[in-house]
Amino acid sequence: MIEESAVDEETAVDIDSTEASSAYDVVIIGAGFNGLYQLYRLRAEGFRVRLLEAAPGPGGVWYSNSYPGARVDSHIPNYEFSMEEVWRDWNWSERFPGAEELRDYFAHVVEALDLGDDISYDTRVRGAVFDDDARRWTVTTDVGDVQCRFLVPCLGFASKAFTPDLEGLDTFAGARHHTAHWPSAGVDLSGKRVGVIGTGASGVQVVQEAAKVAEHLVVFQRTPVTALPMEQRSYDRDQHEELKASYPELFRKRNSPPGSFADMDRLDVSALAVSEQERNAVFEAAWRKGGFHFWAATFSDILLNEASNRTAYDFWRDKTRARISDPVTAEALAPTEPPYPFGTKRPSLEQDYYDVFEQDNVELADLRKHPITRITPTSVETQGGSHELDVLIMATGFDANTGGILAIDLHGLDGVPLSQRWADGVDTHLGMAVPGLPNLILLYGPQSPTAFCNGPTCAELQGEWVVELLVRMRERQLTRIEATEEAATAWTEHVEEVGAYTLFPLADSWYMGSNVPGKKRQMLNYPMSDGYLARLRTNAANDYQGFVLD
Ligand code: N01
């Protein structure tokens, strides 16, 4: 996650603008999982690599999303690198680690892999221009320009926060913070009147913490989240060492098809092909395991067939409503009829989210009944009344998948900006390259599995395709790669076709780009990570079909 920060000329690693010292083989943008993996592997292959990171340290989203309660929703060991030199000396304290522990983990990764000297922190990339004659990108940063043959943005899917254009928002005179730009010094919510707009993953987490300390907390909900039990667990050192005995086998499985989660498998059977009793037994078992099991590891067609999906929704609804005593609140948080097919907006994980609405200091403002009309210096006003607040927390998400890359002013052939090419929607070949922008390789970007493939897994599997590509180009003394128009059109159509086979297009979500007004509605995440990785392998075996290499 890249946050605006003053450039510290003292600590920023100098980027010398002289030709000899600034021409890298590869410049990577972003020090999250993808960027660090690329740096580690490309450097091992002998490439001259520089990683530029806007934040003062590594960690990507975990650097600036430091709001109270921020923690990962993918359980370890899925959410960590598989390299033994990283995990050997690292012990987690929890099954779902918090943001602070994750930041410590990233610092450990940098140290264990000895990456520090090749990273420039406090270095925000503003733009880049491709020179086709020299076959080189010139990358502009806050602290100078740098040149490279290949540019590899590793921005994650959530590096640009989204704030809705609510009337009067800028007039709010209390403290106002987006969860993705949380002040590193923290924000004191104790004894305050706090409002949270948004009930996605960030909203759920911050609500759980704010409810503990706020004098009064108002949760402004437009669409209910289908939050699932986290089943958090603490580990002491011995327990974690014991768990590590299974790491080699778990990582071997994670890095083989279908990939992603090492210890979660979907049944190869429809939810409608079994009796109600058998179905509920499968749901109950997944529920008890916690985490994403109930979303990603029950029946084969939960996200494909509306009738199957409805059985999962009803199970979730009944479990959730059993925890909420007030019938009006229960209907708002877990409606009788699904507001969207279960799982087509990302479920969050919760520990006591539904319980906090039992507290006297917590109020739910149902924006479907009473939309926000405006923000005043002291309040959020809805059609149902006025809520006086000291602190307003915007948990309103991200301009996901495309916002981060478009925030960089990229110019390809003939100076054409990427923003112009994507003005009517995204197109890529394999989610990794865009015609007209040679030698630009996207990782974890739009039209890749991205949000359906957990970060470190994709960083390693998708990342290896890039490493192999660059090694093979070097062997053949090739210096330029560009996706063809035909390949990008075909991939974009294919992503839409596969998306249409699922239930995802039935919801308004950031998966579809439809959480940001005016953004084209299209499938931005390729929903089959196993099929995708197989395609990558075939593409490499077939000498990079759909790309022109010379
Ligand atoms: O963002 P979101 P997020 N008026 O887009 C509401 C990852 N992540 O930051 O649904 C009122 O999910 C919006 O309402 P609606 C994870 O992949 C991971 O929570 O559009 N409300 C919604 O409730 C996650 O899925 C972790 O009707 C408005 C909320 O704001 C992704 O990031 C932690 C509004 C936005 O929810 C995004 O999560 C955090 C308006 N005008 C994030 N505009 C972990 O792993 C928007 N909303 C733990």
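Read the numbers this way: they start at 1 and go in the same order the structure lists the ligands and their atoms.
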Exercise: do [X] and [Y] side chains pair donor with acceptor under 3.5 Å:
| X | Y | answer |
| --- | --- | --- |
| T376 | S379 | yes |
| D508 | N515 | no |
| S308 | D301 | yes |
| Y67 | Q205 | yes |
| T428 | Q447 | yes |

Q. Is E215 salt-bridged to R193, cutoff N-O under 4.0 Å?
A. no
In the protein, what heavy atom is nearest to [atom], and what distance, to one decimal place, separates them?
| atom | value |
| --- | --- |
| atom 18 (C) of ligand 1 | R346 NH2, 3.9 Å |
| atom 36 (O) of ligand 1 | G200 CA, 3.6 Å |
| atom 41 (N) of ligand 1 | P164 CB, 3.3 Å |
| atom 9 (O) of ligand 1 | S202 OG, 2.6 Å |
| atom 35 (C) of ligand 1 | A395 O, 3.4 Å |
| atom 27 (O) of ligand 1 | T223 OG1, 2.5 Å |
| atom 37 (C) of ligand 1 | W510 NE1, 3.6 Å |
| atom 6 (C) of ligand 1 | G198 CA, 3.7 Å |

Q: Check whether any side-chain heavy atom of K289 lies under 4.5 Å from a side-chain heavy atom of E231, and answer yes or no.
A: no
Hey, does [X] sit under 4.0 Å from ligand 1 if you only count heavy atoms?
| X | value |
| --- | --- |
| K345 | yes |
| F96 | no |
| A158 | no |
| F220 | no |
| I197 | yes |
| Q221 | no |

Please work out, at 4.0 Å between heavy atoms, whether the side chain, the backbone, both, or neither of [X] comes within that distance of ligand 1.
| X | value |
| --- | --- |
| Y67 | side chain |
| N65 | neither |
| F157 | side chain |
| A180 | neither |

Identity of the nearest option to [atom], non-hydrogen atoms only, from [options]:
| atom | options | value |
| --- | --- | --- |
| atom 2 (P) of ligand 1 | G397, S509, S348 | G397 |
| atom 45 (O) of ligand 1 | V225, N515, D73 | D73 |
| atom 14 (O) of ligand 1 | H178, M230, R222, R71 | R222 |

Q: Apply side chain to side chain contact (heavy atoms under 4.5 Å, CB included) to H370 and list each qualifying residue two or more places apart in sequence or on a separate chain.
A: T382, Q383
Q.
So, applying side-chain contact (heavy atoms from CB on, under 4.5 Å) with Y353, which one of V225, T320, L228 is it?
A. V225
Would you find more than 12 non-hydrogen atoms of other residues, nucleotides or ligands less than 6.0 Å from [X] atom [atom1]?
| X | atom1 | result |
| --- | --- | --- |
| Q239 | CD | yes |
| E100 | CD | no |
| R288 | CZ | no |

Q) In terms of atom number and element, which parts of ligand 1 are under 4.0 angstrom from non-hydrogen atoms of L367? A) 11 (C)
Q.
Closer than 4.0 Å to some heavy atom of T199 - which atoms of ligand 1 meet that?
A. 22 (C), 23 (O), 29 (C)
Using a 3.5 Å cut-off and no angle test, enumerate the donor-acceptor pairs between side-chain atoms of residues 329-343 and protein atoms at least two apart in sequence or in another chain.
residue: T329; atom: OG1; partner: D326; partner atom: OD2; Å: 2.5
residue: E331; atom: OE1; partner: R321; partner atom: NH1; Å: 2.6
residue: E331; atom: OE1; partner: R321; partner atom: NH2; Å: 3.2
residue: E331; atom: OE1; partner: T336; partner atom: N; Å: 3.3
residue: E331; atom: OE1; partner: T336; partner atom: OG1; Å: 2.7
residue: E331; atom: OE2; partner: T336; partner atom: N; Å: 3.1
residue: E331; atom: OE2; partner: T336; partner atom: OG1; Å: 3.3
residue: E337; atom: OE1; partner: R310; partner atom: NH1; Å: 2.9
residue: E337; atom: OE2; partner: R310; partner atom: NH2; Å: 3.4
residue: Y340; atom: OH; partner: P224; partner atom: O; Å: 2.7

Q. Would you say A201 has any N or O atom under 3.5 Å from an N or O of ligand 1, going by distance alone?
A. yes
Q) What's the spacing between M230 CE and L349 CG if we round to 0.5 Å? A) 5.0 Å
